[in-house]
Protein chains: 4
Amino acid sequence: MHIRIERGSSSPISRQIMEQIRAHCLSGTLQPGDSLPSVRKLATRLGVNVNTVVRVYERLAAEGLVEMRHGEGTFVLPQSGVSGNREQLAEQREQLEREFSAVVHRGILLGLTATELRKLLTNSIADTRANLKSEAVEQPESRPVKTESGR
Amino acid sequence: MHIRIERGSSSPISRQIMEQIRAHCLSGTLQPGDSLPSVRKLATRLGVNVNTVVRVYERLAAEGLVEMRHGEGTFVLPQSGVSGNREQLAEQREQLEREFSAVVHRGILLGLTATELRKLLTNSIADTRANLKSEAVEQPESRPVKTESGR
Amino acid sequence: MHIRIERGSSSPISRQIMEQIRAHCLSGTLQPGDSLPSVRKLATRLGVNVNTVVRVYERLAAEGLVEMRHGEGTFVLPQSGVSGNREQLAEQREQLEREFSAVVHRGILLGLTATELRKLLTNSIADTRANLKSEAVEQPESRPVKTESGR
Amino acid sequence: MHIRIERGSSSPISRQIMEQIRAHCLSGTLQPGDSLPSVRKLATRLGVNVNTVVRVYERLAAEGLVEMRHGEGTFVLPQSGVSGNREQLAEQREQLEREFSAVVHRGILLGLTATELRKLLTNSIADTRANLKSEAVEQPESRPVKTESGR
DNA sequence: GTGGTCTAGACCACG
DNA sequence: GTGGTCTAGACCACA
């Protein structure tokens, strides 16, 4: 499960993590019954405080997306509601589209051209895919913690 | 001066406003000497608290981008430093690119395809341009010349 | 709003606080629209850490019982669901009855007689009523903080 | 030896078990020399994890209430100190009274009347007695006398 | 090993 | 003034 956090971003770290895990659950990358990384592992992997991850998991649990089992771990729940997660997925996508649009808007204000934006999009898609692929092959849990790069 | 705020967004309202004004200044939509809307007008227009706008203007003033003249209003300053705003513009663009990339990443996690994203980009660009044009015809926001009245 | 916390108890402080606030909301002591004490005030009044209260409020907000408004305070929400809070009240009472019964069970194991238990009940009821009354007359916010008594 | 655990309760399972065994010891339901059920039996009977019961027995042993004899089982010890268990009994009762009072307090917050509470108390006492009696007829849980076998 | 609670203190954002 | 996020570290409970 690949998670990417943007340290300088205006949106709080916890929210970035939460939204990405939620995306994984809703889009099926994480299936019901799958276990999430333990609170501590995810915290060290992402280089954030344990409590930050705890709050993320608690909120996802309150939403009914995951379940925390004392002493066992945290697991993805099957979707409850009638229409299940389809509604939620749609909601999340709409929200995402609004944010996307806002970023583009700001990009144009900064003088970026349509061509530049398209190039940026292509690159971003390629990068993301590379990340996701490399992860699929990933050796289990040998990631460096708290490298000082990229902050 | 068109400003668009995304209510449900994770990035705080004040930051959204600040970044868009900064973008306008750096990219030349707002020229040195131009006046910003009054704190109250902008607050009303955007539906946010007056203090929020006050703090935005204060920070922009602290950055040296604008100047608040007591009793007159807030005005865009000519760029100070040697390379002036070019450095700042570049910084802002880099930041923007990181945010763009993060949004695309999340979009892909939510299952959006490259095609969908490209379509979204095209629409967003068109929307933004439409907004900017419609605004160009607006009343030119009453730019007072620096009168020596009052204090 | 009277809240009583038992420091040596096995049930965590945050849970004690949460259950009492929930009881106040469900039974009508706290009406929709009423404001809860601010996070910091309640924390100092009870002599607990601010974060503890924050977590309590967050969980009540996740339950849909209250709403936290940034910069304004925390407020009781009108009950949502169809049957409203009646179901929840009933649930809470059942839970309470089970706990009551468990305590009585343990009391009897410790050799308490029916008479002693009845006396204890009478006293407890009287104490609680006294607390609730004295609070009704209470001078607003002049309570001592962190007295070292009663731990 | 009747033990009743309340699954949804806020106080941890292990503590519930420990307190009830302690109550049985202090009040004389369990006499010095009596054997406790084996760790596995009790765990199965209560439907909890074996380790949970192990830790309970270890703590009771650390308190000096019971003794774990390797390969034989766990046995109630005669009371050590001068005043022995009288002090401990008194302590436990005080703690119990505080918990009782807290539950009553919460019951009143939930809108229960004095009459309802008294009814509840009567029922709880009756239930407990029924449980204890039915158990008295049980098979007497195989009390081995301290054989000098093994070590 | 897992999650859960609590503390203390810092800094940010909104009204 | 209000709530919100983050850190660091301690200790407890469950499997």
Side-chain angles (χ1 to χ4, degrees), chain A residues 5 7 9-18 35-44 46-59 61 66-75 146, chain B residues 10-18 43 48-56 59, chain C residues 5 7 9-18 35-44 46-59 61 66-75 141 146, chain D residues 7 10-18 43 47-56 58-59:
Chain A
I5 74 183
R7 305 249 13 164
S9 164
S10 51
S11 74
I13 300 174
S14 58
R15 186 148 175 179
Q16 295 179 40
I17 301 173
M18 189 171 62
S35 76
L36 268 55
S38 90
V39 168
R40 289 175 181 75
K41 274 191 191 155
L42 187 55
T44 47
L46 300 178
V48 303
N49 188 279
V50 179
N51 288 321
T52 304
V53 177
V54 168
R55 256 181 300 114
V56 168
Y57 281 17
E58 276 178 353
R59 288 181 198 172
V66 307
E67 180 190 20
M68 304 179 83
R69 298 193 208 131
H70 203 142
E72 293 186 64
T74 304
F75 302 85
K146 275 210 171 191
Chain B
S10 48
S11 72
I13 298 171
S14 63
R15 184 146 176 179
Q16 295 180 41
I17 301 173
M18 191 169 62
V48 303
N49 188 284
V50 180
N51 291 322
T52 304
V53 178
V54 169
R55 256 175 299 104
V56 167
R59 284 189 219 164
Chain C
I5 74 184
R7 304 249 12 164
S9 165
S10 51
S11 73
I13 300 174
S14 57
R15 187 148 174 177
Q16 295 178 41
I17 301 174
M18 189 171 60
S35 77
L36 267 56
S38 89
V39 168
R40 289 177 181 76
K41 273 191 191 155
L42 186 55
T44 48
L46 300 177
V48 303
N49 188 280
V50 179
N51 289 320
T52 304
V53 177
V54 168
R55 254 181 300 116
V56 168
Y57 280 18
E58 276 179 353
R59 287 179 199 173
V66 307
E67 180 191 21
M68 304 180 83
R69 297 193 207 133
H70 203 141
E72 292 184 65
T74 303
F75 302 86
E141 306 299 2
K146 278 208 172 191
Chain D
R7 281 252 159 214
S10 48
S11 73
I13 298 171
S14 64
R15 185 146 175 178
Q16 294 180 42
I17 301 172
M18 191 170 61
V48 304
N49 188 284
V50 179
N51 291 321
T52 305
V53 178
V54 169
R55 255 174 302 104
V56 167
E58 282 174 352
R59 284 190 222 165

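Per chain, numbering begins at 1; letters A, B, ... match sequence-line order.
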(message) With a 3.5 Å limit on both atom pairs, tell me what F:dG1 is paired to, counting Watson-Crick and G-U wobble, or say none.
(response) E:dC14
(request) With heavy atoms under 4.0 Å as the rule, sort A:Arg59 into base, sugar-phosphate or nothing. (result) sugar-phosphate
(request) Could you tell me whether the phosphate oxygens of E:dG15, OP1 or OP2, come under 4.0 Å of any side-chain nitrogen or oxygen in B:Thr52? (result) yes
(request) Look at the side-chain N and O atoms of A:Arg40 and state whether any lies under 4.0 Å from the OP1 or OP2 oxygen of E:dG4. (result) no
(message) Whether C:Ser14 contacts E:dG4 is assessed here as follows: a side-chain N or O lying under 4.0 Å from the phosphate OP1 or OP2. Is that the case?
(response) no
(message) Between A:His70 and C:Asn49, which residue's closest nucleotide on DNA chain E lies nearer the 5′ terminus?
(response) A:His70
(message) Strictly below 4.0 Å: does C:Arg55 bring a side-chain N or O up to OP1 or OP2 of F:dT5?
(response) no
(message) Can you measure A:Phe75 atom CZ to E:dG3 atom C1' for me and round it to whole angstrom units?
(response) 11 Å
(request) Working to the nearest 0.5 Å, report the span between CZ of D:Arg7 and CD of D:Gln16. (result) 9.0 Å
(request) Rounded to the nearest angstrom, tell me the gap between atom CD1 in A:Ile17 and atom P in F:dG4. (result) 18 Å
(request) May I have the distance from C:Glu67 (atom CD) to F:dT2 (atom P), rounded to whole angstrom? (result) 17 Å
(message) How long is the straight-line distance from CZ of B:Arg55 back to CG of B:Asn49, given to the nearest 0.5 Å?
(response) 8.0 Å
(message) Distance check, rounded to the nearest 0.5 Å: A:Ser14 atom OG versus A:Glu58 atom CD?
(response) 11.5 Å
(message) Between C1' on E:dT2 and OH on A:Tyr57, what's the gap in Å once rounded to a whole number?
(response) 12 Å
(request) Go through F:dC6, F:dT2, E:dC6 for me and flag the one nearest to the C:Ser38 side chain. (result) F:dT2
(request) First locate atom CZ of D:Arg59, then atom CE of D:Met18, and finally report the distance between them rounded to the nearest 0.5 Å. (result) 5.0 Å
(request) Using atom CD1 of A:Ile13 as one end and atom P of F:dG4 as the other, report the distance to the nearest whole Å. (result) 17 Å
(message) In the structure I gave you, are the side-chain heavy atoms of C:Leu42 and C:Leu36 within less than 4.5 Å of one another anywhere?
(response) no
(request) For C:Leu42 and F:dG1, give me the distance from atom CG to atom P, rounded to whole Å. (result) 17 Å
(message) Which is more 5' along DNA chain E, the nucleotide nearest A:Asn51 or the one nearest A:Gly71? Just name the residue.
(response) A:Gly71
(request) Hey, which sits more toward the 5' end of DNA chain F by its nearest nucleotide, C:Glu58 or C:Glu72? (result) C:Glu72
(message) Whether D:Arg15 contacts F:dC14 is assessed here as follows: a side-chain N or O lying under 4.0 Å from the phosphate OP1 or OP2. Is that the case?
(response) no
